[in-house]
Amino acid sequence: MIGSPSGDMSIIPAQYRRMDALEQLGAVEMFPNHQTRVSGLNPLDVRLVYPPLAALIQLAARTVAPSVTDEHIAAMTEFNERMLEASEAGDDAGARTADERFHAVLVEATENPYLTTVLDTLRIHLRRLGALYFRDVPPGRRSHDEHLAIIEALTRRDPEGTDEAIKAHHDRAVAELIAHAERSR
């Protein structure tokens, strides 16, 4: 922020461009010369965010499954264990971070910057919905076990099995979140 001669504060151009980008993504609402605030969150937006997210992660998995490295599998295993430990300890933020990193390993393994860019856009909304999901419907053992199925399919270098395991995982998570959102209305 820089001050004008009249003492008013304004956003410098670079900050304005960043805020404008966030507004275009629906993450903030800007009211010129008044305020900027984080936009409201509709839990039912999970119906809009998760399907393309899941499809893109499935695409990433099919792409990397035949050539996934042992390092990728080890990283996914480690993040899965961290997620379970954090969840069982009541550390929702830690569980959310570990879960996000688990899925990010697949995307990063594709080495596809276009896929990463699209997913980064969805992740802005995913993080907001994730906070709701992990606060009210903790991932726990079910997500851990579903992640193990994904890891097992990747270990076999099985694109179809990986795809099926990811789809089952996301379908269950989305169904739980939608049910929770509808109960909370």
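Residue numbers start at 1 and run along the sequence shown.
- For the pair Thr162/Val64, no side-chain contact is recorded, criterion being any heavy-atom separation below 4.5 Å from C-beta on.
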Evaluate the criterion side-chain contact (heavy atoms from CB on, under 4.5 Å) for residue pair Leu106 and Ile166; output intermediate values, then yes/no. CA-CA 11 Å; Leu106 282 174; Ile166 289 173; 3.7 Å; yes
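- Between Thr63 atom OG1 and Asp163 atom CG the span is 10.0 Å, to the nearest 0.5 Å.
- For the atom pair CE of Met83 and OG1 of Thr97, the computed distance is 12.0 Å after rounding to the nearest 0.5 Å.
- Counted by atom type alone, Arg172 and Ser143 present one or more donor-acceptor pairs between their side chains at under 3.5 Å.
- Between Met76 and Glu81 the shortest side-chain heavy-atom distance does not fall below 4.5 Å.
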Kindly determine whether Phe102 and Ile150 satisfy side-chain contact (heavy atoms from CB on, under 4.5 Å), including the steps that lead there. CA-CA 10 Å; Phe102 173 89; Ile150 294 166; 4.2 Å; yes
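- Salt-bridge formation is detected for the pair Arg82/Glu78: a Lys NZ or Arg NE/NH1/NH2 atom is positioned less than 4.0 Å from an Asp or Glu carboxylate oxygen.
- Between Arg142 and Asp99 there is no salt bridge, since none of the side-chain N atoms of the basic residue sits less than 4.0 Å from a carboxylate O of the acidic one.
- When every heavy atom of Ala86 is checked against every heavy atom of Ala95, the shortest pair comes out as CB-N, 3.4 Å.
- Between Ser87 and Gly140, the shortest heavy-atom contact is OG-N, 3.2 Å.
- Across Pro159 and Pro66, no two heavy atoms sit closer than the pair CG-CG, 3.9 Å.
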Evaluation steps, side-chain contact (heavy atoms from CB on, under 4.5 Å), between Asp45 and His125: CA-CA 9 Å; Asp45 281 352; His125 302 290; over 6 Å; no
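- Judged purely by atom type and a 3.5 angstrom limit, Arg157 uses its side chain to pair as donor or acceptor with the backbone of Thr155.
- Taking the side chain as every heavy atom from C-beta outward, Thr116 and Glu108 never approach each other to under 4.5 Å.
- Residue Leu119 holds its CG atom at 9.5 Å from CG of Asn112, rounded to the nearest 0.5 Å.
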Dump the intermediate steps for side-chain contact (heavy atoms from CB on, under 4.5 Å) on Leu148 and Asp145, then the final yes or no. CA-CA 5 Å; Leu148 286 177; Asp145 292 347; 4.1 Å; yes
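- Using a cut-off of 4.0 Å between Lys/Arg side-chain N and Asp/Glu carboxylate O, Glu146 and Lys167 are scored as not salt-bridged.
- Taking the six-membered ring where tryptophan is involved, the planes of His103 and His147 are perpendicular, since the angle between them exceeds 60° and thus also 30°.
- Under the 4.5 Å side-chain contact rule for hydrophobic residues, Leu115 and Val49 share a cluster.
- Between the side chain of His72 and the backbone N or O of Val68 there is no donor-acceptor pair closer than 3.5 Å.
- Few gaps surround CZ on Phe31; more than 12 heavy atoms of other groups in view lie less than 6.0 Å from it.
- In this structure, the ring of His144 has its center no less than 6.0 angstrom from the ring center of His169.
- Although no hydrogens or angles enter the test, the distance criterion places a donor-acceptor pair under 3.5 Å between the side chain of Thr110 and the main chain of Val107.
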